[in-house]
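Here is the structure we will look at.
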Amino acid sequence: MNLYEKIKNKEEKISVIGLGYVGIPLAISFAKVADVVGFDISESKVKKYLEGIDVTKEVGNEAIKNTTAKFTSKEKEIQKCKFHVVAVPTPINKDKTPDLKPLVEASKTVGKNLTKGSIVVFESTVYPGVTEEICVPILEKESGLICGIDFKVGYSPERINPGDKEHRLETIVKVVFGMDEKSLEDIAKIYEMIIEAGVYRAESIKVAEAAKVIENSQRDINIAFMNELSIIFEKIGIDTKAVLKAAGTKWNFLNFTPGLVGGHCIGVDPYYLTYKAELMGYHSQIILAGRKINDNMGKYVAEQTIKKLIKADRQIKGSKVAIYGVTFKENCPDVRNTKVVDIIDELKEYGVETMVYDPEADKEDLEREYGIKLNEEKNINNIDAVILAVPHDIFKEIDLKQLKEKFSNSKYVLIDVKGLFDRKEAEKENYIYWRL
């Protein structure tokens, strides 16, 4: 009997290492068809899950309460499993090089608890070669087992889109690869138990690794192009959204919009690819150019805010700006690598006081990572400008007439980064309005 059949018959278990935005949907989904152990080094996170609280807001509290998955921070529980999925973050260092520490530590943890006949599948986004050149030697060293004989490895890049309720884990095609035909079939069939959209068998681990890293690099470059256009059109004096609307009437025009590019994927993955390229002696031209534009957009938004405050005859030093939204994307609590922080930091350089309001953001993560405390909306008053930095659905309910009551004067500056509101409506309400 192969491993897939044993998993299906609940004779063997699945472990999910890392219970964040990728791991928790996986654990919950797998637990519907198999016995699952969900492991995370964060005791506080595991405690929340055991209390039935979904800290990621990806699957909801009810799914956490009703799941049969066993959540734990005790690594010995991993020993009871034969199919291991590693779904830990792969961030970057301050110098923009890959930070593989979480992946290395996860590999050590799995290695220490690896048993013969196991399969280890990595989902973390990496540059081509990491699984075989970095993770496998760690697994072998910690376990004393031989890869290819005692255990097998595979790779299946995560494609979770945080905050997206339409494109979910189950409805997105899963790319998979196993180191040989047998492991590939086991991996493919195990994922097929939960992936409604089906799986795609890649040609090699490196191909699967590369496929993931270019998905986000492609998106990053396209958004960078939109951001550059918005800078150009600002100088020309025309509205970017109006231009894109007109251009979008052509059937093959790509539907991208300008914006802040942060988070743990699009703002990070391109650096993994360019790092590998440098190791191979090639210096990226297009990818790094796109990254440079996107990395500077927070500063650019702050500069435009200052210009509008000057237009409103406000004294810059000591002025008060309300920031609505601080997560890296809409309808998601994740604040990792959020570019809204760049806006806040740049405004501080000008002596501007900021008040941050975000009902979606993870308060603890925000304070721990950036030292930023959230405000309640009722406490936001006597402001000189509003920056609508993240277009959460909840912000669509904002009444522009009522918003004016929060201002300290009759010159209302509204920086609507993603164009949530209608420009004409805002200007009709006498807002000094700007958007990318």
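Please read these numbers as outputs of a predicted model, since none were measured by experiment. Positions are given from 1 along the sequence.
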Hey, are the side chains of [X] and [Y] touching, using non-hydrogen atoms and a 4.5 Å cut-off?
X	Y	value
L114	E142	no
V335	F328	no
K45	K48	no
R159	K174	no
P89	R336	yes
V261	R291	yes
I53	I64	no
T327	T338	no

With the threshold set at 4.0 Å, does a side-chain nitrogen-carboxylate oxygen contact exist between [X] and [Y]?
X	Y	answer
K108	E105	yes
E209	K206	no
D384	R314	yes
E360	K57	yes

Heavy-atom neighbours of [X] [atom1] exceed 12 at 6.0 Å:
X	atom1	answer
R201	CZ	yes
E51	CD	yes
E170	CD	yes
I238	CD1	yes

Between D180 and K182, is a salt bridge (Lys or Arg N to Asp or Glu O under 4.0 Å) present by the stated rule, with each step listed? CA-CA 6 Å; D180 55 26; K182 190 175 182 302; over 6 Å; no

Is the Y275-Y127 ring centre distance short of 6.0 angstrom? yes

Would you check if the distance from the ring center of F177 to the ring center of Y155 is below 6.0 Å?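 Here the rings of Y155 and F177 have centres that are no less than 6.0 Å from each other.
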
Go through the steps to decide whether D99 and I92 satisfy the test side chain to side chain contact (heavy atoms under 4.5 Å, CB included), and finish with yes or no. CA-CA 5 Å; D99 177 6; I92 51 172; 5.6 Å; no

Side-chain donor or acceptor of [X] paired with backbone N/O of [Y] under 3.5 Å:
X	Y	answer
D362	P333	no
S107	L139	no
N93	K96	no
N222	Q218	yes

Full working for salt bridge (Lys or Arg N to Asp or Glu O under 4.0 Å) between K339 and D295: CA-CA 8 Å; K339 294 303 174 185; D295 274 345; 3.4 Å; yes

Output all residues satisfying ring pair (Phe, Tyr, Trp, His ring centres under 6.0 Å) with F39, sequence neighbours left out; order by chain, then residue number. none

Would you call the rings of F30 and F83 parallel, tilted or perpendicular if under 30° counts as parallel and over 60° as perpendicular? perpendicular

Testing the basics here: between P391 and L420, what is the closest heavy-atom pair and its distance to 0.1 Å?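 Smallest heavy-atom distance, with atoms named: CB-CD1, 3.8 Å.
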
Test D358 against Y324 for side-chain hydrogen bond (donor to acceptor under 3.5 Å, both in side chains), laying out the working first. CA-CA 6 Å; D358 193 329; Y324 278 51; over 6 Å; no

